[in-house]
Amino acid sequence: MAVNAAALRIGMVAGEQLDRTPLHRLSETSDPGEPIATLIGERSFEAHEVPHGDGTVTWWLVEDTRLRHAHARLRTELDRVQLLSEMCASLPAAADPDECIRVTAQLAADHLADAAWVITPGGLEEFPVTMCVRGDAPVHSRVAVCADELEGLGEVLTGLPPVPSSWIDPASAPAWLIPEDFGEIGSIMVTALPGPGVPVGALVLLRRCDRHSFTEQDEAFARQFAARAGAVISTARALSAQASVTEMLMRDLRPPEPAPFNGVEFAGRYRPASESDFVGGGFFDVYSVDATDPYDASEWLAVLGTVGEREMAAAVLTGKARSVLSALAPVTRDHQLMLRLLHNAVAGPHQVRFPSLALASVTRTGARLHLRLTCGGHLSPLVVRSDGAVEEVSTSTVQSEAMPQIVSSTAAVALRLGDMCLLYTAGITEAVGGPQGDQHFGDDRLRAALAAMANTTASAVAEHIHMRAAEWSEHGHHDDIALLAIAASEGRHLAAVDGRARRR
C-alpha cells in the first residue's frame, strides 16, 4: 500500500480530506507495528496500523493533542521541581544570615529573572538591600526605601498577600530599583520572604522588556522558592541571635586566667570534655577577701570545682556557684560555712547533683605562703615541694548525692619558694588514652609529672599538666579538665598585668 493511500485513509478517519497531503511523523524511529505519532497542522495524532489477511491495512487515527499538552505541562512542572530542588540545595543551611541573603539574590537573578532584589526591613530611613544582576555578583547596600513607591512592596512587608505582577506598571518603578545599565524593565514581580509570623523581607524580580512577562506559573514557582529562602534566612537569623546571646552569657562563665598578686602566683587551665562545649562542668576562680582591688589584698580565696552537669545545665549551676562564692568570699573565712551556704543557695526542686569544691585561702608572710585547704566532695589537693616530693593534703571530706551535707576538715599548708599546690578535677586522672587507647592517666603519672616540674613556676606546672593530659587522651576521651596551681613568686617587682602595675 502506498503512503499516500495510507494518508488518505488516515485523513478520512480524522474527518479531513488529505488526498495528496503527506503524513508527518513525530518520530522516525518507531518500530513496525507500534503507533506512529503524527502531526496534522497543530493537532497531534497517533496512527495505529491494523493489517488484514488479504494484504490490506486499516489505519486508525486517535487525536492526543490534549494528552500531549498535559505531558508537556507535566514535564515543565517536573523541570521546575528539579530546578527548585537544586536552588534550595544551594541555599546555605543555618549559616550566616547575610550569606543566605546573598545566595538568595544570586539564585533568583540567575534562574527566575534578569535581576533580583532582597529587601529586609532594618532601619527607619534606610533598608539593608542586596541586589544581583544575572551573571554578576550580589551587591549589598543600604537604600532609602519607601514601600509606597513600588506597588505591592508595602503589602508583602506587612504580611499581606502579594499582588499579581500584571498589576505592577514597570514604568512606575522607582529609580533606585533599576540597576545601572540594565535597560528598560518589561515586568516586575514582588513576593514575600516568609518568616515566623511576619516576613523577613521581600524578593523583587525584574525582567527586561525583551523577555516574556511573568506568568501565573512563574509567580507560583517564584513564591515557592521565596518561601524556602525565607525559612532559611529566618532560621539563620534565629540561630545567629541565639549564638550571640549564648556567647554573651557564657563569656563570664568560662574560668578566667588568674594573674600574680603581691608575690602570689595563680595559674589555671581549663578544657571541656567536648571541643564543641563552650562551658563544661568544671570551673575555677580567685577572689580577693579583704580588698576590692586584688592587688591591694592580703588574702585571697582560690576555688576549683565541678558541677556534674553538661551544656546549659552546667552553665546555670556554674553561674550560681561562682556568684554565691563571690558574695561569700569577703563575708566569711570559714570554709565549712561557705560550703553549707553554697549548697543551700544552689539547691532546688530539680537540682540533684551538687557542686564539689576545693577551697584554698591564701595569705603571704614574707616569701612564704600559708594555705588553708578544704575539699567538699572533691579530690584532695597535691603539694609539690622544691625537691620533687609530692604530698597529698587530706581534708577528710564526705559527700553524697542522696545526702548533700558535707563533713570536712581544713588542713594548713605552708609553701616556700619553689613549692607549689595543685587543685585539679578528676578529668585529669580519669582521662582515657595512652599507647593502647584504653588506659587512665592515673594518679601515679600525675605525681610523676608534678615531680618533674618541681621548683618551677605555677604557670609552667599548669601548662605541663594540661598538655600531658591532653596528649594522653588525644585518641581517647576525658571529662572536664580544670586545674589551678598556687605558688609563691619572686618578690614584688614592677610588671604590667592586664594594664595594671603591681606595687613594690
Side-chain angles (χ1 to χ4, degrees), residues 249-256 258 266 268 270 272 279-292 294 297 299-363 371-381 393-413 421-427 479-484 486:
L249 294 176
M250 297 295 193
R251 189 179 299 120
D252 291 335
L253 294 179
R254 289 184 65 89
F266 298 96
Y270 174 73
V279 173
F283 67 95
F284 59 80
D285 217 330
V286 178
Y287 308 98
S288 58
V289 173
D290 53 0
T292 56
E299 183 175 352
W300 300 265
L301 175 67
V303 180
L304 182 137
T306 56
V307 298
E309 299 289 354
R310 280 285 177 271
E311 298 177 348
M312 292 307 297
V316 172
L317 193 51
T318 297
K320 283 185 178 181
R322 293 182 65 190
S323 297
V324 172
L325 289 168
S326 177
L328 291 176
V331 175
T332 178
R333 289 171 170 79
D334 186 335
H335 290 180
Q336 281 76 22
L337 178 60
M338 282 187 183
L339 293 175
R340 290 196 300 271
L341 292 175
L342 172 64
H343 282 240
N344 290 338
V346 301
H350 305 291
Q351 183 60 49
V352 177
R353 305 187 69 175
F354 294 86
S356 65
L357 292 173
L359 306 177
S361 291
V362 184
T363 57
L371 277 62
R372 291 187 298 112
L373 298 169
T374 306
C375 291
H378 201 80
L379 295 175
S380 298
V393 181
S394 177
T395 58
S396 304
T397 63
V398 177
Q399 181 189 25
S400 68
E401 294 181 6
M403 298 182 63
Q405 295 82 5
I406 298 174
V407 178
S408 63
S409 60
T410 299
V413 173
C421 178
L422 180 70
L423 312 179
Y424 64 100
T425 64
D479 205 342
D480 297 294
I481 292 176
L483 58 94
L484 183 63
I486 308 169

Closest non-hydrogen atom pair between [X] and [Y], with its separation:
X: Gly305; Y: His378; value: CA-CE1, 4.2 Å
X: Ala358; Y: Leu423; value: O-CD1, 4.1 Å
X: Thr425; Y: Leu379; value: C-CD1, 3.8 Å
X: Ala329; Y: Leu301; value: CB-CD2, 4.0 Å
X: Val286; Y: Leu484; value: CG2-CD2, 4.4 Å
X: Ala482; Y: Phe284; value: CB-CD2, 4.3 Å

**Message:** Once side-chain contact (heavy atoms from CB on, under 4.5 Å) is applied, do any residues pair with Ser323, and if so which ones, sequence neighbours excluded?
**Reply:**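 Ser323 satisfies side-chain contact (heavy atoms from CB on, under 4.5 Å) with no residue once adjacent residues are dropped.
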
Q.
I'd like to check the side-chain contact (heavy atoms from CB on, under 4.5 Å) partners of Leu325; sequence neighbours left out, ordered by chain and number.
A.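 Checked Leu325 against side-chain contact (heavy atoms from CB on, under 4.5 Å); matches are Phe283, Tyr287, Val303, Leu342, Leu357.
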
If you measure only the distance, is there a donor-acceptor pair under 3.5 Å linking the side chains of Thr410 and Thr374?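 Yes.
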
For a quick check under 3.5 Å, do Thr306 and Ser356 share a side-chain donor-acceptor pair by atom type?
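A donor-acceptor contact under 3.5 Å links the two side chains.
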
Q) Taking only residues two or more places apart in sequence, or in another chain, which ones meet Thr332 in a side-chain hydrogen bond (donor to acceptor under 3.5 Å, both in side chains)? A)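 Not a single residue meets the side-chain hydrogen bond (donor to acceptor under 3.5 Å, both in side chains) criterion with Thr332.
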
- request: Compare all side-chain heavy atoms of Leu373 with those of Ser380 and state whether any distance is below 4.5 angstrom.
  value: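 No, side chains not in contact.
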
Self-check item: Tyr424 vs Ile481, side-chain contact (heavy atoms from CB on, under 4.5 Å): CA-CA, chis, key distance, verdict
Solution: CA-CA 8 Å; Tyr424 64 100; Ile481 292 176; over 6 Å; no

- Query: About how many Å separate CE of Met338 and CZ of Arg340, when rounded to the nearest 0.5 Å?
  - Reply: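 Answer rounded to 0.5 Å: 12.0 Å.
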
Requested in this report: Kindly determine whether Leu359 and Leu339 satisfy side-chain contact (heavy atoms from CB on, under 4.5 Å), including the steps that lead there.
Outcome: CA-CA 9 Å; Leu359 306 177; Leu339 293 175; 4.0 Å; yes

request  = Check the pair Arg372 / Arg333 against side-chain contact (heavy atoms from CB on, under 4.5 Å), numbers first and verdict last.
outcome  = CA-CA 10 Å; Arg372 291 187 298 112; Arg333 289 171 170 79; 3.6 Å; yes

